[in-house]
Each structure stands twice: as C-alpha cells, then as structure tokens.
Amino acid sequence: MRRLSPSKTIFLIAFLVIMWGVNWPLSKTALNYTPPILFAGIRTLLGGGLLLFVALPKRRQLQFKRHWKIYLASSGLNIVLFYGLQTVGLGYLPAGLFSVIVFLQPVLLGILSWIWLGEAMYGLKVVGLILGFVGVAIVSAGSLSGHVSVIGILLAIGTAIAWALGTAFVKKRGDVVDSIWLVTVQLIVGGLFMTGVGSTVERWSDIQWSLSFVGLLLFISIFVIAAGWLAFFTLIGAGEATKVASYTFLIPLIAILASALFLHERVTIYLLVGLIFILVSIYFVNRPRRRSQPNDQQVVSS
C-alpha cells in the first residue's frame with residue numbers, strides 16, 4: 001500500500017478539512033439560486049466530468065468490466081446515499097443538529113474498521129472518538145434549535161452510516177482499483193442518478209444562472225467535490241481509516257468559522273470549547289501506542 005510523506009499528508013488533511021468546511025456556507029448560498037437535488041446532481045456530475053480529463057490518460061487502469069461492482073457500490077454509498085439522504089434530511093432538521101448526527105461517522109467508521117478492517121481498537125482511541133463527537137456537538141450547540149423530526153433524525157443517521165460504510169468499503173477493496181478512476185466513476189454515476197431524480201421532481205427553469213451561482217458551482221465542483229473526494233480516498237488508502245476520519249471532526253468547526261466570515265453568522269463560546277474537545281480527540285486517536293501492534297498503520301509514514 002502506498003505511503004504518503006508527512007508533508008503531503010499534512011497538506012491533504014488541511015486541504016480536505018478546509019474545502020469540506022467551507023462547502024457548507026457556500027452550498028447554503030448556492031441554494032438561493034437552485035433547487036437542492038438538481039444542485040447536488042449538477043455539482044457532482046460536473047466534478048466527475050472535470051476529473052475525467054485527469055483519469056483518461058490512465059484509461060487502461062479503469063478495468064470497469066472487472067471491477068464494476070466496486071465502482072457501483074462506492075457510487076451508491078458515497079454519493080447517491082450520502083448526498084441524497086443529506087439533501088432530503090436537511091429539509092427536516094436544523095443544519096446544526098443534522099451535522100452533529102452525521103458526524104457520528106468517525107465513531108461508526110472506527111467500529112467498522114476494528115471489526116471489518118482489523119485496525120487496532122484500544123481505550124485511548126475509543127475515548128478520542130467519543131470526545132470528537134462531543135466536540136462537534138458542542139460546536140454546533142448554538143444552532144440546535146427548531147423543530148426536531150424523527151424522519152430527519154433517521155435520515156441523518158442514514159447519512160452517517162452510508163458515509164462510514166462507503167469509507168470502510170473503499171479502504172477494504174479500493175486497493176484493487178485506481179483511486180482517480182474510483183472517484184471519477186462514483187462522481188459521474190452518482191451525479192447522473194441525482195440529476196435524473198432532480199429532473200423528475202424539480203424544474204430546471206427554477207435555476208438562476210447568475211454569475212455568482214456559476215462561480216459557486218465551479219468552485220464547489222472542482223475543489224470540494226473532485227479534489228476533496230480524491231484527497232479523502234488518497235488519505236484513506238495510505239493510512240488507518242479511523243485516524244484519517246478523526247480529522248473530519250474539524251469540518252463543522254471550519255464550517256461555522258466560514259459561515260461567520262461569509263454569511264455573518266454568530267460565533268459563540270461553544271466554538272472554543274468544542275475546538276478543545278476536537279483537538280484532544282485528534283491527539284488521542286493519532287497518538288502512537290506504547291506497545292505497537294503489527295497491524296497498526298500510521299497515516300504518516302515513518
């Protein structure tokens with residue numbers, strides 16, 4: 001399995017957290033110009049189409065007939081279910097509460113990685129995962145208001161499960177397919193599906209093709225969707241899934257800071273308290289064990 005240098009790992013983690021963090025306020029702004037399902041489909045399909053130009057020189061490594069089950073399973077879990085349930089669920093719950101439930105994903109992934117991938121599970125890692133989830137809850141506490149829907153909670157849990165299963169699946173089977181083609185195919189397949197659904201239940205005429213919307217669409221498609229998923233799967237493939245996922249606890253923090261900067265939303269003391277929990281969580285999950293096990297894998301190569 002290919003290892004990453006410490007500097008490349010740090011860069012990819014920073015890029016991923018920042019891009020997926022600013023995605024929340026940017027997408028919220030973009031939804032002023034477009035229906036949600038069509039927007040989810042268009043941005044995903046566009047991201048896959050742009051990444052296709054990068055993948056084409058390696059077309060011999062696609063091997064779709066041989067690995068089509070892996071491509072379709074990854075597309076279904078990481079794109080169709082993840083974005084589909086998320087898009088619908090946000091209509092039932094406040095965004096803060098929804099994001100808290102979705103970020104059960106690192107905890108669920110830690111359990112799946114222990115059971116399915118054979119990654120080490122020990123006390124400090126368990127505490128770290130729990131602290132990270134608590135930190136996300138504290139960070140989002142200021143926005144935990146509004147009507148709470150059972151359907152919304154179930155959709156949020158489904159989103160977290162789909163993301164965790166999709167990540168664990170890619171970690172388990174992704175080493176037999178090219179990472180660029182894996183991301184490209186899942187974005188195109190998922191994008192086509194969601195665009196088709198959006199075309200059925202929404203109207204294209206409701207999209208306002210203003211300069212602002214086109215700019216947001218291009219930025220999200222290129223940096224958040226195409227480059228973001230590629231960075232995520234590169235990190236997952238190169239290190240321990242649970243440790244990589246622990247850094248995603250920072251995403252809601254970046255989202256709130258970006259929302260305060262671009263949308264002038266309020267920042268509270270919850271942000272600082274939650275940040276402390278999240279940083280301690282990341283330290284605990286990534287701290288080397290005193291007695292190293294043969295199957296322990298590090299995100300950063302030595």
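For the single chain, residues carry numbers from 1 onward in sequence order.
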Q: Where does the angle between the aromatic ring planes of W229 and Y83 fall among parallel (under 30°), tilted (30 to 60°) and perpendicular (over 60°)?
A: perpendicular
Q: Would you say CZ of F133 has more than 12 non-hydrogen atoms from neighbouring residues, nucleotides or ligands within 6.0 angstrom?
A: yes
Q: To the nearest 0.5 Å, tell me how far W209 CH2 sits from Y33 OH.
A: 13.5 Å
Q: Hey, could you give me each pair passing salt bridge (charged side-chain N to carboxylate O under 4.0 Å, His left out) that has a residue in residues 48-68? Not counting sequence neighbours.
A: K58-D178
Q: Can you classify the ring geometry of F219 versus F223 as parallel (below 30°), tilted (30 to 60°) or perpendicular (above 60°)?
A: tilted
Q: Can you tell me which residue pairs pass the salt bridge (charged side-chain N to carboxylate O under 4.0 Å, His left out) test with a partner in residues 155-169, sequence neighbours excluded?
A: none
Q: Mind listing the closest non-hydrogen atom pair of F277 and G135 along with its distance?
A: CB-CA, 3.6 Å
Q: For the CG atom of N23 and the CZ atom of R43, what is their distance to the nearest 0.5 Å?
A: 5.5 Å
Q: Can any side-chain N or O of T200 pair as donor or acceptor with the backbone N or O of G196 at less than 3.5 Å?
A: yes
Q: Would you call the rings of W20 and F232 parallel, tilted or perpendicular, taking 30° and 60° as the class edges?
A: tilted
Q: Start with the C-alpha gap between L46 and L218, add the side-chain angles, then the distance that decides, and say whether side chain to side chain contact (heavy atoms under 4.5 Å, CB included) holds.
A: CA-CA 8 Å; L46 183 57; L218 289 175; 3.9 Å; yes
Q: Taking atom CZ as the centre, does F193 end up with more than 12 heavy-atom neighbours from other residues, nucleotides or ligands that are less than 6.0 angstrom away?
A: no
Q: For W114, does the CH2 atom sit with more than 12 other heavy atoms under 6.0 Å from it, leaving out its own atoms?
A: no
Q: Let's go through T159 and Q86 carefully: what are the C-alpha distance in whole Å and the side-chain angles of both, what is the deciding distance for side chain to side chain donor-acceptor pair (under 3.5 Å) to 0.1 Å, and is it a yes or a no?
A: CA-CA 6 Å; T159 303; Q86 180 185 124; 5.8 Å; no
Q: Please answer: with hydrophobic residues joined when any side-chain heavy atoms are less than 4.5 Å apart, are L31 and V201 in the same cluster?
A: yes
Q: Between T44 and L187, is there a donor-acceptor pair closer than 3.5 Å when you use the side chain of the first and the backbone of the second?
A: no
